[in-house]
2 protein chains.
Amino acid sequence: MKQKVTIKTIAKELGVSTSTVSKALKDSHEISKETKEKIQAYANHYNYKPNNLALQLRNQKTKLIGVIVPKIVHHFFSTIIKGIEEGASEKGYRIMVCFSDESHTKEVENLKVLSNGSVDGLIVSIANETLESKSIKHFQDLVSEEIPLVLLDRVLDEITCDKVVVDDFGAGYKATKHLLNTGCKRIAIITTPEYVNVGTHRRQGYEKALLERKITVDKKLIVEIDEKQNIKEQIRPVFDNGIDAIFAVNEIYAAKSIRIAKEKSIRIPEELSVVGFTDGLISEYATPSITTIAQHGLTMGKQAVEALINRIENESEKYEAKTIVISSDLKLRESTKPSS
Amino acid sequence: MKQKVTIKTIAKELGVSTSTVSKALKDSHEISKETKEKIQAYANHYNYKPNNLALQLRNQKTKLIGVIVPKIVHHFFSTIIKGIEEGASEKGYRIMVCFSDESHTKEVENLKVLSNGSVDGLIVSIANETLESKSIKHFQDLVSEEIPLVLLDRVLDEITCDKVVVDDFGAGYKATKHLLNTGCKRIAIITTPEYVNVGTHRRQGYEKALLERKITVDKKLIVEIDEKQNIKEQIRPVFDNGIDAIFAVNEIYAAKSIRIAKEKSIRIPEELSVVGFTDGLISEYATPSITTIAQHGLTMGKQAVEALINRIENESEKYEAKTIVISSDLKLRESTKPSS
DNA sequence: TGTTAACACGAAACCGTTTTCGTTAAATTT
DNA sequence: AAATTTAACGAAAACGGTTTCGTGTTAACA
């Protein structure tokens with residue numbers, strides 16, 4: 001890289017002190033008109049730009065927000081990031097995005113680096129591995145250092161900080177209820193392993209809706225997917241239990257279920273209704289298009305960043321951790337029967 | 001935020017100088033065993049972490065790569081970002097992601113901020129607005145400051161720097177040729193306005209394939225989509241021209257085309273073959289699944305970051321701008337007829 | 001003519017770290 | 001006993017800015 005022009009070089013070239021240059025560039029009244037003009041002209045001509053690092057070090061703030069998400073090639077998470085970026089941008093902040101890849105180690109490492117003064121605050125969605133192991137020392141360190149932190153979607157109760165979550169319980173309830181209302185009786189649920197709390201909440205909503213109708217929860221209709229195995233093969237057996245509906249906790253599971261149904265020539269939604277989760281492109285463009293719970297990732301991102309910046313900029317106020325619950329709603333499409 | 005423990009505070013508490021602390025923490029031989037142990041114990045206990053900003057300022061490098069892409073809720077771009085992150089991560093770099101939202105103004109602003117010493121180099125995919133207006137002063141400034149820059153996918157010849165692009169021409173050719181080989185005769189192309197050079201190249205490939213078969217290019221079969229208007233309505237009229245195949249330059253256009261075909265009860269691929277671009281989730285999960293040109297975003301991201309880091313770390317070598325062309329290949333699925 | 005105010009600028013500290021180059025005292029060599 | 005090493009540490013500069021607090025000069029005023 002070329003030798004950058006700094007305040008020092010300008011000062012030397014023009015035979016003034018660095019303080020004069022600094023003041024002149026800020027149009028301070030302390031400096032005479034001629035000197036200002038001379039300095040500004042020089043700075044302009046040589047395309048002087050103040051060094052960000054120096055400013056951040058001096059001001060003890062970076063106007064930077066660290067974001068750690070499990071993955072990015074994923075409609076929900078990329079939408080969240082977009083929301084965060086938009087919210088941050090409005091308030092003059094920029095974002096630094098890192099990925100944990102669902103790995104605990106990478107999450108810890110990212111957290112360490114970002115919390116070394118690189119950012120003013122952090123927004124993170126916890127990796128599956130961490131969720132499973134519940135080893136959260138890295139978060140507790142953060143909290144005890146009082147570095148502003150907001151947890152998003154994938155949260156853990158044990159961590160005391162602001163949180164933004166989907167009303168997963170309500171969403172599971174809504175989805176199941178809709179299936180029941182359109183005449184379905186044996187509803188299978190394709191969900192995640194129990195440690196992924198979002199999956200668990202959705203399943204509890206599902207169970208509540210069933211119990212309200214005095215339908216007992218049939219364990220044979222509950223499929224917990226292990227993502228390391230072939231997903232389709234794990235779903236397939238549940239079709240042998242005389243089901244008339246499937247509630248999938250994400251759109252991939254929903255799409256795979258529909259594939260299986262087609263292979264078996266089961267008509268959708270006449271013989272089998274399907275509800276997915278996450279309002280991504282698949283659901284919109286699949287045939288039949290898939291009825292889903294829309295998650296409002298954009299809103300979540302914006303809320304998270306708003307809470308975070310609020311925390312960053314009002315350090316003095318004593319603060320209490322709050323949880324923002326974003327309600328999600330059902331987007332009716334072709335994979336379920338019209339409600340009567 | 002809590003008062004951070006710095007080298008200074010340690011020095012003061014322990015009655016030594018900052019230099020001693022710094023050396024002790026690096027396990028320097030200059031410091032006696034007892035002093036080292038004392039300092040390290042203290043640092044450990046109070047969870048001392050060196051301040052990144054200070055280090056970056058001192059070392060004159062940030063180990064940070066700036067990434068500017070037009071959007072993120074997009075399979076291709078998010079895949080690229082993943083590729084960049086993986087490649088960067090391997091070499092000990094982190095990434096700072098910004099979005100231009102296809103806006104020239106935002107692109108300029110992002111470029112300005114990032115090039116103020118915040119990052120060691122930049123990878124950018126140019127915004128549509130910039131592509132259209134060709135106002136590239138911000139890039140030229142970057143180049144003249146010799147800040148390492150790699151352009152990705154959306155490039156402009158006028159900018160002298162390393163580039164990583166898809167073989168769009170070859171891809172368009174391959175796609176069209178495949179349609180011709182499977183018996184299609186009247187092939188429509190759904191493309192972008194002319195200023196988006198990737199669209200143009202794909203179209204030129206399309207035209208070459210046709211001309212090879214002595215088929216004259218029929219302008220009525222070329223649809224240039226204006227994304228500000230309703231896409232489906234812009235595609236619909238082309239169905240009245242007796243077509244038997246559609247080559248869409250992205251998967252949204254392909255999916256919309258298939259929708260229209262279904263509404264008109266046109267069977268795919270028997271009556272209409274469809275080829276898309278970008279191997280996203282839609283193509284995989286749609287029914288019928290869509291034959292596409294797979295773009296290898298991951299590879300592109302990795303190549304870009306490799307070129308960039310190479311440039312960053314070998315400043316001395318005189319360097320010549322090179323362009324890396326990533327060839328893309330056809331992924332056969334259900335929306336085209338089996339080739340004979 | 002002496003005092004004061006305004007003007008224009010510079011010196012120096014600071015943000016947190018590293019690193020070079022002393023410096024002092026003890027240990028070793030002659 | 002004098003000279004030289006060596007061990008263990010500190011002072012200070014440097015990275016690139018900002019900001020507080022002088023300070024010297026000139027002009028205005030009593």
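Quick note on labels: first sequence line is chain A, next is B, and so on, each numbered from 1.
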| field | Side-chain N,O (B:Gln56) to OP1/OP2 (C:dT17) below 4.0 Å | value | no
| note | Testing D:dG17, C:dG10, C:dT18 for proximity to the side chain of A:Val16, the answer is C:dG10
| field | Salt-bridge criterion met for B:Lys23 and B:Glu30 (N-O under 4.0 Å) | value | yes
| note | Rounded to whole Å, CG of B:Leu25 lies from C1' of D:dC9 at a distance of 15 Å
| said: Whether B:Glu306 and B:Arg311 form a salt bridge (side-chain N of Lys/Arg under 4.0 Å from carboxylate O of Asp/Glu) is what I want to check. | reply: no
| task | For A:Lys49, answer base if it contacts any base atom (sugar-phosphate contacts may also be present), sugar-phosphate if it contacts only those atoms, and nothing otherwise; contact means non-hydrogen atoms under 4.0 Å. | result | sugar-phosphate
| said: What is the distance, to the nearest angstrom, from the CG atom on B:Leu55 to the P atom on D:dC15? | reply: 16 Å
| Which of these nucleotides, C:dG10, C:dT18, D:dG10, is closest to any side-chain atom of B:Ser17? | D:dG10
| remark: Separation of C:dT19 atom C1' from B:Asn59 atom CG, nearest Å, is 11 Å
| query | If an axis is fit to five pairs at each end of the helix from C:dT1-D:dA30 to C:dT30-D:dA1, what is the angle between the two, to the nearest 10°? | reply | 70°
| message | Check the phosphate of D:dG16 against A:Thr6, side-chain N and O only, distance under 4.0 Å to OP1 or OP2. Yes or no? | response | no
| note | Between NZ of B:Lys38 and C1' of D:dA8 the distance, given in whole Å, is 12 Å
| Taking NZ from A:Lys33 and P from C:dA8, how many angstroms apart are they, rounded to a whole number? | 12 Å
| Want to settle it: does B:Thr18 or A:Lys26 sit nearer the 5' end of DNA chain D, counting the closest nucleotide to each? | B:Thr18
| task | Just compare D:dC9, D:dG17, D:dA11 and give me whichever is closest to any side-chain atom of B:Thr35. | result | D:dC9
| Does B:Glu86 pair with B:Lys82 as a salt bridge, N-O distance under 4.0 Å? | yes
| task | Among C:dC21, C:dC9, D:dA12, find the nucleotide with the atom closest to the side chain of A:Thr20. | result | C:dC9
| Does any N or O in the side chain of A:Asp120 come within less than 3.5 Å of the main-chain N or O of A:Thr62, such that one atom is a donor and the other an acceptor? | yes
| task | Please determine if a side-chain N or O atom of B:Ser22 lies less than 4.0 Å away from the OP1 or OP2 oxygen of C:dT18. | result | yes
| A:Glu85 and B:Lys71 ion-paired at < 4.0 Å | no
| field | Main-chain N/O of A:Ser103 paired to A:Asn128 side chain as donor or acceptor, under 3.5 Å | value | no
| Hey, is the side chain of B:Ser32 poking within less than 4.0 Å of OP1 or OP2 on D:dC9, counting only N and O atoms? | yes
| message | In whole Å, I'd like the distance from the NZ atom of A:Lys12 to the P atom of D:dG17. | response | 13 Å
| field | CD/A:Glu158: more than 12 non-hydrogen atoms of other groups inside 6.0 Å | value | yes
| field | Nearest-Å distance for atom pair NZ/P, residues B:Lys8 and C:dC14 | value | 7 Å
| request: Using whole Å, report how far CD of B:Gln60 lies from P of C:dT18. | output: 15 Å
| said: For A:Glu146, is there an ion pair with B:Lys4 - N to carboxylate O distance below 4.0 angstrom? | reply: no
| field | Closest to side chain of B:Glu30, choosing from C:dT17, D:dC9, D:dC21 | value | D:dC9
| Of the nucleotides D:dT19, C:dT17, D:dC9, which has the atom closest to the B:Ile31 side chain? | D:dC9
| said: What's the closest nucleotide to the side chain of B:Pro50 if the choices are C:dT19, D:dC9, C:dT17? | reply: C:dT17
